[in-house]
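What you see is a predicted model; the values in this text were computed from it and never measured.
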Amino acid sequence: MNMYLECLLLNYSSASSTSSSCRLREHFSLNGMYQKGDVILGGLFEVHYFTVFPELSFTSEPQQLYCEGFGFQQAQTMAFAVDEINRNPDLLPNIKLGYQLYDNCLKLGVSFRAAMSLASGTQEEFPLDESCSGSPPVLGIVGDPGSTHSIKDDNTIGNVLLLFQNPTLSEKHHYATCSCLSDRGKYPSFFRTIPSDSFQVRAMIQILRRLGWTWVGLVFSDDDYGFHAARSFHSSLAESGGCVAYSQVLPKDNRPTELQRIVGEIKSSSARVVVVFSNEAYLLPLVDEVVVQNVKGLQWIASEAWSSSSVFHTPRLMPYLGGTLGITIRRGEIPGLRDFLLSIRPDDQPDNNHGNNMVKQFWEAVFGCRLEPPAGWVEAGGDVCTGQEDLRDVETSYGDVSELRPEYNVYKAVYALAHALHDLLQCVPGRGPFSGNRCASLQRLEHWQLVHYLERVNFTTGFGDRVSFDDNGDALAIYDIMNWAWLQDGSVQVENVGVIDESAPAGQELTLDEDRIFWNFESKKPPRSVCSESCPPGTRVARKKGEPVCCFDCISCAEGEVSNTTEDFWSSPERDLCIPKGVEFLSYQESLGISLMTASLLGALICAVVLGIFTRYRNTPVVKANNSELSFLLLLSLKLCFLCSLLFIGRPRLWTCQLRHAAFGISFVLCVSCILVKTMVVLAVFRTSKPGGNASLKWFGAGQQRGTVLVLTSFQAAICTAWLVSASPTPHKNMRYHIDKIVYECVVGSVAGFGALLGYIGILAFLSFLLAFLARNLPDNFNEAKFITFSMLIFCAVWISFVPAYISSPGKYADAVEIFAILASSFGLLVALFGPKCYIILLRPERNTKKALMGRPTTKR
């Protein structure tokens, strides 16, 4: 059952250029209800449930069909909403809404005729103005009950209206759920106050996942509603890890053989859960066959089209359908509706000129009398209606407003149109939303202008529900979850056991009170519905060829494998338990880590001792030679180099991974920069001894030396910063080296960043070595260039051998190799640069004089 609201705006063309009016060619015989107004809204509703077709002779014009059966609440809900809006001074002031409602008799042909009557109007003649356009008969249609009807109305009526030139159509459905109607390419002006089936399918999937049902059967009706819902359900269930055991289409003609075949498959399947997308008309014959074959022990999941239907609540069917869980559209409350429904009188309605016979037909059906009895009616014992009968004296479902679901959607649809019109009329000239800041005019309203305001509708009903539409014209998805409880006295109670709200935060959409659910099983617990049970410990899943992924065999696990897939565990020798995998990283507790840590701390201690010696003898020539400030800075950088190796020991963390390489890179660049500057100073000093060489020394004063070191180090700091920001090193659990161990390591993140860091150090080291090598033979008793050459030779040798060793070393040994390279190069620099100086200071103090340092060495002949 599926109703919509359509906004139809038509431009009428005259039959000829000289014609001043449009004439209606013919009237359809339709049941309707009419109220005058400044703006007319149309409506198509299920009022009569059965259609009687005349015999077709194909030799004369067929007679009009007529309808039987009655259901009047939805049509009257629209009338009530219009009346309530007209009495509201804050909504559409000075505008009176009217309506033209028609009965579609639950047939597409009747619905099509009614929609055409609403589009063309019922007046015999329409006057045209100078622009050959007249005001539309109705501004909107609140709609047809069925997704298929809605789709056919959109396609068929839309194409027919093209014959009138420049037709426009805007729709708003209040009970049309087919997800196909969300296609804005086909239905650009389609809106609805009920969520589409795509939301309903997602809601069902959440219930299945919550209750652990991964193996389900699917039955759906042979119409657009069923096919689109089934297609969406198949894909959504597969994405959630579930499987469809069987998928059956309910026959339209209710063929007994086909129904027997479907029930036979349901009976033979191992799936204990059956999901049904259908209305009660298609489903009832199948349920009758279920009773005939006595198929019990099933959990039925009902779509919104039949979850609230009372035709199944009978003592004959409830032993099979008890415990059904269903998705239903949101129940609402409409204050004042019941009094309005019970207060109608046939005398209050105008004559039948506009098809205004619906109330009279309803009155006669309820009270079993005739308002205008035909000849012979009284003589045959028929009753005559007075029109003063009281609806409160008759027990019917008409006055029951306890379960307002489709009626509530009708109510919201009418109000959505009213709010859109209200916003349209509030437009200030010169500040409109359309080109040139124009406002829309009610007298010359284009369909896209009304659509513009419908897309922006946002209001809250008196029941507290917010009404707005997404980009596809769909309303906010809120469903009630209903459970059919079969009580001991044989009665049926439909309980609300949960809510699904798509607007809730992620992961909190489903609220389900499982303790209140009635389970129609001996255990009074939810059934198990899986194709294959989870594999026991010591076995693993083996897919069955040609079977769904939910169906599998269980075979023994291979070595190291267990039935769950967690990567942090390993199998026991018996392969029936998960035991934690071994963890490997360079630890402070193991001998290798202790040795490297000891060497690192020893190097830092030696640097501190040398620094103390240099501080004690800071005024001696050996310390003052070649810029003592650089020597102190070099010692400090070497101490940092020793200490940064400690960051490579211990379990990798994010901060240690990020800091270890940055500290290593900056410390070594600071160290090598000091050596490079010292080498340049040595060359500059000896150049001053030559004629004209004094000018070069002014470029290597103390300030220039400090600035050069700072600039060279800043480049490395910039490289580290760019590396950490773009692709920072991170801790990583590596399971490729050992199948039974987890190796914790730091991945560099960006190989280019790591390469740039090492490359920059290498460039500075090579320059230092080159300059020192060129200055190695300069005359001096204490030529520091020789020691710099030797130290840089050690440094380059260590780091050249480091690259292949680092690449080929797995896991913690890669960290050990890098620590060894740091310590080896640091000790080489410390011993080569400061060993000779400490030897002179401590053991040969007689050589710690300026004369000894500046004297030329003697040459033996």
Test item: D423 and R456 side chains (from C-beta on) under 4.5 Å apart, heavy atoms: no
D83 side-chain N/O to I85 backbone N/O, donor-acceptor pair under 3.5 Å: no
Output the distance between atom CZ (R209) and atom CG (L237), rounded to the nearest 0.5 Å. 10.5 Å
Short side-chain to backbone donor-acceptor contact, S232 and A229, under 3.5 Å: no
Given the side-chain rings of F434 and H452, with only the six-membered ring counted for Trp, is the space between their centroids under 6.0 Å? yes
Can you tell if the side chain of L510 reaches within under 4.5 Å of the side chain of D501, non-hydrogen atoms only? no
Would you compute the distance between atom CD of E304 and atom CE of M204 and round it to the nearest 0.5 angstrom? 8.0 Å
CZ (R431) with more than 12 external heavy atoms under 6.0 Å: no
Can you check whether F199 reaches I500 side chain to side chain, under 4.5 Å on heavy atoms? no
Mind checking what makes side chain to side chain contact (heavy atoms under 4.5 Å, CB included) contact with D465, not counting sequence neighbours? R330, Y408, T461, F463
In terms of relative ring orientation, are F277 and Y225 parallel, tilted or perpendicular, with 30° and 60° separating the classes? perpendicular
Validation row: S303, Q200 side chains within 4.5 angstrom (heavy atoms): yes
Between Y99 and Y34, is the ring centre distance below 6.0 Å? no
L325 vs V497 side-chain heavy atoms within contact, under 4.5 Å: yes
I want to know whether F72 and F45 have ring centres closer than 6.0 Å. no
CZ of R87 to NZ of K96, rounded to nearest 0.5 Å, is 12.5 Å
Quick one: side chain to side chain contact (heavy atoms under 4.5 Å, CB included) partners of V494, sequence neighbours excluded? H313, M482, W484
I want to check something: taking the side chain as every heavy atom from C-beta on, are V401 and I334 in contact at a cut-off of under 4.5 Å? no
Tell me if a side-chain donor or acceptor on H422 pairs with a main-chain N or O of A418 at a distance below 3.5 Å. no
Report yes or no: do E84 and Y411 form a side-chain donor-acceptor pair below 3.5 Å? yes
Verify, without hydrogens or angle tests, whether T77 (side chain) and V410 (backbone) share a donor-acceptor contact under 3.5 angstrom. no
In the structure I gave you, are the side-chain heavy atoms of V451 and Y453 within less than 4.5 Å of one another anywhere? no
N279 side chain to A305 backbone, donor-acceptor under 3.5 Å: no
Quick one, D38 with L92, criterion side-chain contact (heavy atoms from CB on, under 4.5 Å). Give me CA distance, side-chain angles, the key distance, then yes/no. CA-CA 11 Å; D38 302 321; L92 290 176; over 6 Å; no
Nearest-0.5 Å distance, CG of residue L30 to CE of residue M358: 9.0 Å
For the residue pair R438 and C427, establish whether any side-chain heavy-atom pair is separated by less than 4.5 Å. no
How far apart are the C-alpha atoms of L442 and L421, what are their side-chain angles, what is the distance that settles it, and do they pass the side-chain contact (heavy atoms from CB on, under 4.5 Å) test? CA-CA 9 Å; L442 194 59; L421 287 172; 4.2 Å; yes
Under 3.5 Å donor-acceptor, Q73 side chain and Y398 backbone: yes
Taking W306 for its side chain and V276 for its backbone only, find out whether a donor-acceptor pair lies under 3.5 Å. yes
Could you give the distance from CD1 (I344) to CG (L342), rounded to the nearest 0.5 Å? 8.5 Å
Minimum heavy-atom separation for V457 to A416, with atom names? CG2-O, 3.7 Å
Could you give the distance from CG (L208) to CZ (R210), rounded to the nearest 0.5 Å? 12.5 Å
Derivation and outcome, side-chain contact (heavy atoms from CB on, under 4.5 Å), residues Q76 and V359: CA-CA 9 Å; Q76 283 294 336; V359 174; 4.0 Å; yes
Salt bridge or not for R405 and E407, using N-O below 4.0 Å? no
Step-by-step side-chain contact (heavy atoms from CB on, under 4.5 Å) determination, V467 to Y415: CA-CA 9 Å; V467 179; Y415 264 88; over 6 Å; no
Nearest heavy-atom neighbours spanning A79 and M33: CB-CE, 4.2 Å
Contacts of E509 meeting side chain to side chain contact (heavy atoms under 4.5 Å, CB included) (sequence neighbours excluded), chain-then-number -> Q206, A506
Donor-acceptor contact present, side-chain N104 to main-chain L44, <3.5 Å: no
What about F340 and F80, are their ring centers closer than 6.0 Å? yes
